[in-house]
Amino acid sequence: MSLVSRGRTTTVKPQRSGCENPAVSRPPLTALLTACLSVAITAAGLGYAWSLRPDPAPPADSRVGSVCGTRECEPVAEAEVGSDVVRVMVGDKISRIATEGASGTVMFELTIAEYGVTEDLGSLELECVDSPVAAVCLVQGQARGKRYAEALVRQDGLWSRALGGYQGDGGYAGLHDVNGDQVMDVVVVQRRCAEGVDCPKRIAEVYSLVADVANGQDRKLGCTAVVNAEANLPGWPDVRPAMNQLKACPAAGS
């Protein structure tokens with residue numbers, strides 16, 4: 001308490017009662033400084049961690065942030081498949097196939113780029129066909145004297161990569177429903193010449209995109225007969241064989 005007397009204030013310290021605990025006292029100044037410093041360091045660490053967080057993902061229908069290698073992907077082909085859009089995009093180290101729309105946004109690596117097809121952008125083609133059973137998109141390009149192709153299939157609203165790729169030296173790859181199951185098959189033309197010899201003989205190979213390979217079903221449906229000129233292939237220049245025109249494929253080189 002304080003006593004006021006003639007302009008002076010004299011402070012009288014209260015006496016400690018016998019019931020007070022002498023062990024309870026104010027923390028030393030060094031302890032307070034240490035605690036404050038710890039809080040400051042923790043806050044700084046949280047701020048730094050926040051600054052390193054990844055940027056929020058773009059909306060599903062946005063193409064912002066599509067990177068192919070070290071630069072933005074460059075769209076070179078596009079097709080509408082029902083309510084979806086499929087794009088082929090190239091870059092400097094990697095190329096992609098992108099799907100977006102009602103089925104969501106999905107990015108696949110363009111695997112045929114490893115053969116050099118993106119070096120000739122004019123040879124890149126995208127063919128898509130929709131059906132009530134499945135939608136199919138075939139991407140193909142030319143490199144080293146061959147056509148290289150790969151396919152995407154949309155079933156039950158989901159896009160996936162078809163098993164395996166396709167290559168042919170006969171100058172043609174395309175889609176046609178050969179077996180009548182309402183799903184496009186892949187048709188690839190091959191030369192039938194002796195090794196190292198160029199000749200006009202051609203044969204068409206047909207592959208199913210929905211074969212149950214896990215249960216032993218062969219994805220190769222068969223081959224046409226060997227013809228003496230490409231113009232003799234069924235439906236040339238769009239090769240469209242019927243199922244009854246296929247037979248077992250001959251051994252390579254025969």
Considering all heavy atoms of both residues, which atom of [X] and which atom of [Y] are nearest to each other, and what is their separation?
X	Y	value
Pro241	Leu246	CB-CD2, 4.2 Å
Leu138	Ala151	CD1-CB, 4.1 Å
Cys128	Ala79	SG-CB, 3.8 Å
His176	Val239	CB-O, 4.3 Å
Met107	Ala98	SD-CB, 3.4 Å
Tyr172	Pro237	CE1-O, 3.4 Å

* Side-chain donor-acceptor pair present, Thr224, Gln245, cut-off under 3.5 Å ->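 No, no side-chain donor-acceptor pair sits under 3.5 Å.
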* To do: Verify whether one side chain among Thr99 and Asp84 offers a donor that lies under 3.5 Å from an acceptor in the other.
  => no
Do [X] and [Y] have side-chain heavy atoms sitting under 4.5 Å apart?
X	Y	value
Phe108	Leu152	yes
Arg154	Ser160	no
Val227	Ile203	no
Glu230	Val189	no
Arg144	Tyr115	yes
Leu209	Asp185	no
Glu74	Met89	no
Glu150	Gln140	no

* Using a cut-off of 6.0 Å, state whether more than 12 heavy atoms not belonging to Glu80 lie near its atom CD. => no
* **Cys137: which of Val88, Leu175, Val86, Asp130 passes side chain to side chain contact (heavy atoms under 4.5 Å, CB included)** =>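 That would be Val86; it is the only one of Val88, Leu175, Val86, Asp130 passing the side chain to side chain contact (heavy atoms under 4.5 Å, CB included) with Cys137.
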* Please determine which of Val139, Val90, Leu124 meets the side chain to side chain contact (heavy atoms under 4.5 Å, CB included) test together with Val117. =>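 Only one option passes, and that is Leu124.
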Roughly how far, to the nearest 0.5 Å, is the [atom2] atom of [Y] from the [atom1] atom of [X]?
X	Y	atom1	atom2	value
Ser131	Gln182	OG	CD	6.0 Å
Ile94	Glu114	CD1	CD	11.0 Å
Thr118	Ile112	OG1	CD1	9.0 Å
Cys68	Asp92	SG	CG	8.5 Å

* Evaluation steps, side-chain contact (heavy atoms from CB on, under 4.5 Å), between Val81 and Trp159 -> CA-CA 11 Å; Val81 192; Trp159 285 98; 4.2 Å; yes
* In this structure, which one of Gln190, Gln142, Gln167 forms a side chain to side chain donor-acceptor pair (under 3.5 Å) with Arg147? ->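 Among Gln190, Gln142, Gln167, the one that satisfies the side chain to side chain donor-acceptor pair (under 3.5 Å) with Arg147 is Gln142.
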Find out if a path of hydrophobic residues (ILVMFWY) with successive side-chain heavy-atom gaps under 4.5 Å connects [X] to [Y].
X	Y	answer
Ile97	Leu121	yes
Leu221	Val188	no
Val153	Tyr207	yes
Val210	Val133	yes
Val226	Val187	no

[X] side chain to [Y] backbone, donor-acceptor under 3.5 Å:
X	Y	answer
Arg161	Glu109	yes
Asp177	Met184	no
Arg191	Asp169	yes
Arg96	Val67	yes
Arg87	Val76	no

* **Ring centroid separation Tyr166 to Tyr148 under 6.0 Å** => no
